[in-house]
2 protein chains.
Amino acid sequence: MKPATDMKNDTSKRILDIAEELLLTRGFNAFSYQHISSALGVRNAAIHYHYPKKTDLGVALIQRYRRRFQRFVEAQGGLTPAQQLERYFTLTDAYFEHDQQICPSGILTTEYQTLPEEMQQQANAFVDEMRDWAVRIAACGREDGSMRYAGTPQAMGVLMLAALQGGLQLARTDQTVLLTLKEQIRALLGLTSPLP
Amino acid sequence: MKPATDMKNDTSKRILDIAEELLLTRGFNAFSYQHISSALGVRNAAIHYHYPKKTDLGVALIQRYRRRFQRFVEAQGGLTPAQQLERYFTLTDAYFEHDQQICPSGILTTEYQTLPEEMQQQANAFVDEMRDWAVRIAACGREDGSMRYAGTPQAMGVLMLAALQGGLQLARTDQTVLLTLKEQIRALLGLTSPLP
DNA sequence: GTCTATAAACTGATAGAC
DNA sequence: GTCTATCAGTTTATAGAC
């Protein structure tokens with residue numbers, strides 16, 4: 001019988017964890033297999049055994065983001081639109097508080113032109129899924145009357161996604177940005193701040 | 001007497017022009033002196049003569065952005081807030097239409113953690129100046145009654161900056177994003193679309 | 001699965017001739 | 001100002017031993 005630790009808690013997963021940290025703090029072009037191998041305490045070639053090309057590693061990273069985001073979305077089917085928005089905000093805060101990481105879609109679209117085509121395709125799908133979720137929150141909020149705002153739900157969803165993506169980046173030069181943005185988005189949706 | 005062409009139309013300026021194109025399409029970490037020298041038709045060492053370290057080139061780039069942006073802002077003192085906003089939108093569109101370039105502040109804050117300290121300081125000042133301008137538009141628009149929106153002018157300015165910065169990046173995966181964002185920001189400010 | 005060893009290309013950077 | 005020549009360091013990646 002297997003030990004309590006999952007069989008996926010192996011080197012392959014730890015490589016992804018380290019690569020994710022590097023991707024969200026430095027970007028895909030600014031980290032190397034050396035960064036990973038020294039952080040993991042192994043040699044260069046060991047990383048290539050698990051992910052032969054850096055493109056393979058990049059694709060695996062985005063696919064994991066997509067699976068994780070899908071689970072994140074599914075896990076809050078019963079929540080109100082306002083509650084789902086607050087979860088979105090909490091997720092955003094968590095990125096910033098963890099070494100001032102930024103949104104994966106922010107990295108991927110900023111470095112887009114330098115990424116291999118397989119990563120670009122994965123990035124397209126990922127951005128689509130994030131936008132759809134933001135749009136759904138705005139749409140449901142209007143439908144049940146809990147949110148009141150100008151424009152279409154589609155446009156409001158895109159605005160929220162774009163603002164939070166840019167906001168996480170800008171927060172690196174001014175840490176008050178995220179708090180300001182969250183309050184303003186609530187105000188634009190006709191919501192009041194959640195009680196502390 | 002000097003020829004009609006300005007004395008600043010020399011190699012040093014052309015290097016900055018090429019570097020700017022590379023920065024806004026590929027990012028600071030994803031272009032090299034080789035890219036510049038081959039585009040300019042000179043050798044590697046010639047670039048180092050004008051900008052000994054890559055950091056020098058990066059600082060010069062941001063300083064030029066700051067001067068240019070300052071002129072851009074001063075050049076529209078007489079315009080209404082709504083007109084100034086439309087100029088902002090036009091500037092944004094121009095970036096995207098030029099090889100899908102993104103906002104300089106988007107590159108600089110995304111790559112922030114990997115930039116040398118001198119570039120970080122310049123980036124901080126640049127972001128401050130851009131945010132101040134966005135806030136000023138929102139503040140003047142409320143003051144003269146031409147814009148109506150929830151929240152403070154400070155928060156609305158930050159939201160517009162963040163949304164357009166993120167929007168230029170997202171536009172690389174979906175070209176309709178910018179049009180959607182412009183319309184939504186107008187709607188949130190209580191403005192109607194400008195006549196075509 | 002991890003290691004040693006190494007390749008081939010690229011990077012930022014410098015010295016010194018013209 | 002630009003050139004040739006060169007450097008030391010890094011990057012992605014592979015071959016083959018253990």
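Residue numbers start from 1 in every chain, and the chains themselves are labelled A, B, ... in the order their sequence lines are given, proteins ahead of strands. Reckoned from all heavy atoms, side chains included, excluding hydrogens, waters and symmetry mates.
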Would you kindly say whether B/Ser12 and B/Tyr51 are connected by a side-chain donor-acceptor distance under 3.5 Å? yes
Determine the sole option in A/Thr92, A/Asp99, A/Leu91 for which the side-chain contact (heavy atoms from CB on, under 4.5 Å) test with A/Tyr95 is passed. A/Leu91
Measure the acute angle between the ring planes of B/Phe72 and B/Phe69, then classify it against the limits of 30° and 60° as parallel, tilted or perpendicular. parallel
If only side-chain N and O atoms count, and only distance matters, is there a donor-acceptor pair under 3.5 Å linking B/Asn29 with B/Thr114? yes
Nearest-angstrom distance from the residue atom CD1 of A/Ile47 to C1' of D/dT11: 14 Å
Any chance the side chains of B/Gln122 and B/Glu118 put a donor and an acceptor closer than 3.5 Å? no
Can you tell me if A/Thr11 touches the phosphate of C/dT2, counting only side-chain N or O atoms and a distance under 4.0 Å to OP1 or OP2? yes
What integer distance in Å separates B/Arg43:CZ from C/dT14:C1'? 17 Å
Given side-chain contact (heavy atoms from CB on, under 4.5 Å), test B/Val135 with B/Met160 step by step and report yes or no. CA-CA 9 Å; B/Val135 167; B/Met160 294 190 296; over 6 Å; no
For a quick check under 3.5 Å, do A/Gln165 and B/Gln169 share a side-chain donor-acceptor pair by atom type? yes
A/Tyr88 side chain to A/Asp93 side chain, donor-acceptor N/O pair below 3.5 angstrom: no
Give, ordered by number, those residues of residues 106-114 of chain A having at least one heavy-atom distance below 4.0 Å to an atom of DNA chain C; if nothing qualifies, reply none. none
Measure from CG on B/Leu57 to P on C/dA13 and round the result to the nearest Å. 10 Å
Need the bend value for the helix from C/dG1-D/dC18 to C/dC18-D/dG1: angle between end axes, 5 pairs each end, nearest 10°. 10°
Check: A/Gln100/A/Gln175 side-chain N/O donor and acceptor closer than 3.5 Å: no
What's the closest nucleotide to the side chain of A/His35 if the choices are D/dT11, D/dC3, C/dT2? D/dT11
Summarise how protein sits on nucleotides 12-18 of chain D as a single string, 5' to 3': B when a protein heavy atom is under 4.0 Å from the base, S for sugar-phosphate-only contact, - for no contact. BBBB---
Testing the 3.5 Å rule here: is there a donor-acceptor pair between the side chains of B/Gln101 and B/Glu21? yes
Between the side chains of B/Asp144 and B/Ser146, does any donor sit under 3.5 Å from an acceptor? yes
Check the phosphate of D/dG1 against B/Tyr49, side-chain N and O only, distance under 4.0 Å to OP1 or OP2. Yes or no? yes
Output the rounded distance in Å from CG (B/Asp10) to P (D/dT2). 9 Å
